Amino acid sequence: MAEPSSAALDALRAQIDEVDQEMLALLQRRLKLVGEVGTIKHREGVPIYAPKREASMLAKRRAEAEAMGVPPQLIEDLLRRIMRESYVSEKDVGFKRVHDTLGPIVIVGGGGKLGGLFAQLFTLSGYEVRVLEQNDWDRADALLADAGMVVISVPIDKTCEVIERLPPLPEECLLVDLTSIKQAPLAAMLKAHPGPVLGLHPMFGPDVSSLAKQVVVVCHGRGEEHYQWLLKQIAIWGARLHEAPASEHDQAMQLVQAMRHFTAFVYGLHLKREHADIEQLLQFSSPIYRLELAMVGRLFAQSPSLYADIIFAQPDALARARHYLDRYQEALALLEAGDKVGFEALFDDVAQWFGDFAQQFRVESANMLMAANDSRSG
Ligand SMILES: O=C(O)C(=O)C[C@]1(C(=O)O)C=C[C@@H](O)C=C1
């Protein structure tokens with residue numbers, strides 16, 4: 001059905017078109033300036049993400065917007081979206097190479113998605129990158145002979161095996177892994193190589209458009225002075241580094257990864273067994289349920305072995321999953337008993353425990369829901 005229109009509406013819409021075109025021209029001008037910033041950052045080795053500059057710029061624009069009667073959140077939303085574009089354009093210019101004399105970087109598993117992303121970032125930073133894949137082991141000695149750094153980026157259950165399989169590396173060579181558990185790979189690397197060793201866990205998937213604002217967990221191994229350059233390089237790519245002991249990291253991952261993915265898996269399984277009609281759920285879904293479906297559904301668009309690997313890699317996650325079942329049963333018992341008062345008391349107890357975070361998450365999720373709604377059409 002055609003949308004209603006009138007001469008008065010058409011006249012105003014024509015003016016709106018003009019304003020939007022002016023905005024386009026301004027965006028074009030801004031993107032060009034950002035391109036120039038990218039060139040300077042590339043030359044001088046300045047990180048693509050500048051949080052202090054962003055915060056002061058956003059504060060000024062918000063104040064100016066308020067004075068002009070424009071909602072401050074509007075300009076903040078627009079600028080944040082525009083800056084996402086800046087990160088990509090600055091990334092494509094390339095990055096300063098921090099370590100001038102490093103030998104070739106060999107990425108074991110560099111043909112995979114995450115390994116490929118790191119291969120791209122190192123290449124954009126001017127390093128020579130070689131990939132060692134499953135079928136290349138007969139050439140491993142030649143590929144690794146003059147390596148300045150070896151990066152292990154293979155499935156979790158293969159990581160230790162691959163580390164043990166490495167031929168002796170040059171003494172000064174830095175050995176790094178990108179696995180999402182840290183204790184076992186770090187121990188295996190320290191055992192296999194007497195030189196510098198570092199454990200990293202990029203807390204993002206390979207589909208990110210840039211590393212701006214992404215977190216990389218750093219678990220120190222050996223010879224910190226030999227890998228400071230790498231930490232600086234990653235910061236130039238825009239990521240935030242979070243240092244933690246491997247044990248603390250693995251403990252946190254039981255909830256952040258293993259339990260998160262496991263509960264999403266069970267919910268997906270439940271939908272299937274209940275013969276849920278996804279089309280129909282989408283028609284009826286509230287914004288938050290849409291987000292829930294997206295969160296669960298995206299799991300099943302990816303490889304089963306990736307998730308099995310993450311969930312099964314941590315034996316302690318089993319205990320967590322059992323505890324979860326206990327809590328489900330505890331809450332279910334209240335439901336079965338029709339004990340609304342008991343339910344509310346328990347709810348309150350958890351709310352107290354969340355404290356100020358509950359409000360913070362409410363605000364954060366409201367923004368996400370608005371963004372999710374904006375991206376809908378039809
Ligand atoms: O000012 C910079 O350093 C930029 O790179 C430009 C810009 C922007 O688009 O305004 C982009 C990224 C930074 O985090 C801050 C600001």
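Ligands are counted one by one from 1 in listed order, and the atoms in each one are counted from 1 as well. Only heavy atoms go into these numbers, but all of them, side chains included; no hydrogens, no water, no symmetry mates. Since the structure is predicted, the reported quantities are computational estimates derived from the model, not experimental observations.
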Engineer: Non-hydrogen atoms of Lys41 versus ligand 1: any pair closer than 4.0 Å?
Structural biologist: yes
Engineer: Would Glu90 count as a polar contact of ligand 1, with the cut-off being nitrogen or oxygen pairs under 3.5 Å?
Structural biologist: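 Between Glu90 and ligand 1 (N or O atoms, distance only) the closest approach is under 3.5 Å.
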Engineer: For atom 12 (C) of ligand 1, which protein heavy atom lies nearest, and how many Å away is it?
Structural biologist: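 Among all protein heavy atoms, the one nearest atom 12 (C) of ligand 1 is Ile48 O, 3.5 Å.
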Engineer: Any idea which atoms of ligand 1 are less than 4.0 Å away from a heavy-atom of Tyr49?
Structural biologist: 14 (O)
Engineer: For Trp237 and Val216, run side chain to side chain contact (heavy atoms under 4.5 Å, CB included): C-alpha distance rounded to whole Å, both residues' side-chain angles, the deciding distance at 0.1 Å, then the answer.
Structural biologist: CA-CA 11 Å; Trp237 294 341; Val216 176; over 6 Å; no
Engineer: Which of the numbered atoms in ligand 1 are below 4.0 angstrom from a heavy atom of Tyr87?
Structural biologist: 12 (C), 14 (O)
Engineer: Should Phe204 and Leu124 be counted in the same cluster of Ile, Leu, Val, Met, Phe, Trp and Tyr side chains packed under 4.5 Å apart?
Structural biologist: yes
Engineer: To which of Arg30, Lys52, Arg80 does the heavy atom nearest atom 10 (O) of ligand 1 belong?
Structural biologist: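 That would be Arg30.
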Engineer: Test your reading of the model: is there a side-chain donor-acceptor pair from Arg290 to the backbone of Asn373, 3.5 Å cut-off?
Structural biologist: no
Engineer: Hey, is ligand 1 close enough to Ala50 that some N/O pair sits below 3.5 Å?
Structural biologist: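 Yes, at least one N or O pair falls under 3.5 Å.
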Engineer: Short list, please: which atoms of ligand 1 are under 4.0 Å from a heavy atom of Arg53?
Structural biologist: 1 (O)
Engineer: Among Asp177, Leu132, Val154, which residue satisfies the side chain to side chain contact (heavy atoms under 4.5 Å, CB included) criterion with Val162?
Structural biologist: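 It is Val154, the one option of Asp177, Leu132, Val154 that forms the side chain to side chain contact (heavy atoms under 4.5 Å, CB included) with Val162.
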Engineer: Considering non-hydrogen atoms of the protein only, which is the closest contact for atom 16 (C) of ligand 1, and what is the distance?
Structural biologist: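 Atom 16 (C) of ligand 1 sits closest to the protein heavy atom Met83 SD, 4.0 Å.
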Engineer: Return the residue, atom name and 0.1 Å-rounded distance of the protein heavy atom closest to atom 15 (C) of ligand 1.
Structural biologist: Glu54 CG, 3.6 Å
Engineer: Among the heavy atoms of Val46, does any lie under 4.0 Å from an atom of ligand 1?
Structural biologist: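 It does not; every heavy atom stays at 4.0 Å or beyond.
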Engineer: Can you tell whether the side chains of Lys32 and Glu36 come within less than 4.0 Å, N to carboxylate O?
Structural biologist: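 Here Lys32 pairs with Glu36 in a salt bridge, since their nearest N and O are under 4.0 Å apart.
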Engineer: With the side chain counted from C-beta on, respond yes when Val37 and Ile40 share a heavy-atom pair under 4.5 Å apart, and no when they do not.
Structural biologist: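 No. Closest side-chain heavy atoms not under 4.5 Å.
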Engineer: Among Gln302, Gln257, His261, which residue satisfies the side chain to side chain donor-acceptor pair (under 3.5 Å) criterion with Tyr307?
Structural biologist: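 Result: among Gln302, Gln257, His261, Gln302 is the only option passing the side chain to side chain donor-acceptor pair (under 3.5 Å) with Tyr307.
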Engineer: Measuring only between side-chain heavy atoms, which start at C-beta, is Leu200 closer than 4.5 Å to Val218?
Structural biologist: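 A side-chain contact under 4.5 Å exists here.
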Engineer: Does the N or O separation between Ser86 and ligand 1 drop below 3.5 Å for any pair?
Structural biologist: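 Yes, there is a polar N/O contact under 3.5 Å.
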